[in-house]
Amino acid sequence: MPIPSGPATNNQDLVEQLKGPVFVDPLEKYKKYGKIDSFIAVAWHPHANEVWVVRRNPISLKDAEARVLTACNKAMGGNCSIAASGGGISVVVLYIDDILTDVTWDESYTNALRKAKEKNNCSNEDWNTKCKPKAYSNLEKIIDPKEIEFKGDTTESDFPTGKVTRR
């Protein structure tokens with residue numbers, strides 16, 4: 001029942017007004033569905049041969065993207081962009097002849113690998129030699145909320161260390 005904007009006109013309206021704002025438990029989704037989605041974001045720069053990855057972020061897609069862009073822009077001085085992002089997806093970063101070539105994603109880890117292989121015409125002989133995938137599985141699509149309660153933020157990051165290879 002909607003809460004009227006003015007004073008209560010009957011007992012039920014008064015009861016609704018006295019309840020106050022509704023608090024939404026952040027773990028309500030888990031309690032109802034048994035899972036909490038986690039988010040992954042991958043950033044790249046046109047002159048870098050590496051990617052920046054934030055995964056297992058339980059907060060939001062926007063938060064994952066902001067974190068990964070901040071790290072990339074800090075390292076590269078700006079001009080970074082999101083290569084892939086989503087909730088509960090796996091991402092494959094593909095290097096051909098050690099050059100960052102493609103970023104592919106799918107809800108299925110296996111399908112993401114298959115798509116990267118097919119899209120870039122990588123033969124079975126070339127796979128893991130000439131065509132080298134670096135896969136970021138977001139298998140933690142289902143995060144145990146107890147882990148969040150005890151550890152706080154469960155976000156993991158994979159950023160280049162040392163000097164970034166420029167292309």
Quiz item: Are the side chains of Leu69 and Trp52 in touch, meaning some heavy atoms are under 4.5 Å apart?
Solution: no

Practice problem: For Ala112 and Thr104, work out which heavy atoms get closest and say how close. | Solution: O-CG2, 3.9 Å

Quiz item: Do the side chains of Val68 and Val53 get nearer than 4.5 Å, heavy atoms only?
Solution: no

Practice problem: Mind checking side-chain contact (heavy atoms from CB on, under 4.5 Å) for Thr70 and listing every partner two or more places apart, or none if nothing turns up? | Solution: none

Self-check item: Backbone of Asn73 reached by a side-chain donor or acceptor of His45 within 3.5 Å
Solution: no

Self-check item: Verdict with supporting geometry, Trp105 and Ile40, side chain to side chain contact (heavy atoms under 4.5 Å, CB included)
Solution: CA-CA 10 Å; Trp105 63 93; Ile40 184 171; over 6 Å; no

Exercise. Identify, with sequence neighbours excluded, every residue that meets side-chain contact (heavy atoms from CB on, under 4.5 Å) alongside Leu94.
Key: Ile96, Asp102, Asn120, Cys122, Trp127, Cys131, Pro133

Quiz item: Between atom OG of Ser90 and atom CZ of Arg55, what is the distance when rounded to the nearest 0.5 Å?
Solution: 8.5 Å

Quiz prompt | Asn57 CG to Glu65 CD distance, which is reported to the nearest 0.5 Å | solution = 10.0 Å

Quiz item: Looking only at heavy atoms, which two atoms of Asp106 and Ser108 are closest? And how far apart?
Solution: OD1-N, 2.8 Å

Exercise. State, to 0.1 Å, how close Asn49 and Asp98 come at their nearest heavy-atom pair, and which atoms those are.
Key: ND2-O, 2.8 Å

Exercise. Taking all heavy atoms of Ala83 and all of Val103, pick out the closest pair and write down the distance.
Key: CB-CG2, 4.0 Å

Self-check item: Shortest non-hydrogen contact between Ser85 and Leu61, atoms and distance
Solution: CB-CD1, 3.7 Å

Exercise. For Phe39 and Asp63, run side chain to side chain contact (heavy atoms under 4.5 Å, CB included): C-alpha distance rounded to whole Å, both residues' side-chain angles, the deciding distance at 0.1 Å, then the answer.
Key: CA-CA 9 Å; Phe39 301 95; Asp63 183 71; over 6 Å; no

Quiz prompt | Minimal non-hydrogen separation, Glu50 against Tyr95, with atom names | solution = CA-OH, 3.8 Å

Quiz prompt | Beyond-backbone contact of Asn124 with Lys117, side-chain heavy atoms, under 4.5 angstrom | solution = yes

Self-check item: Any Trp44 side-chain heavy atom under 4.5 Å of Ser81 side chain
Solution: yes

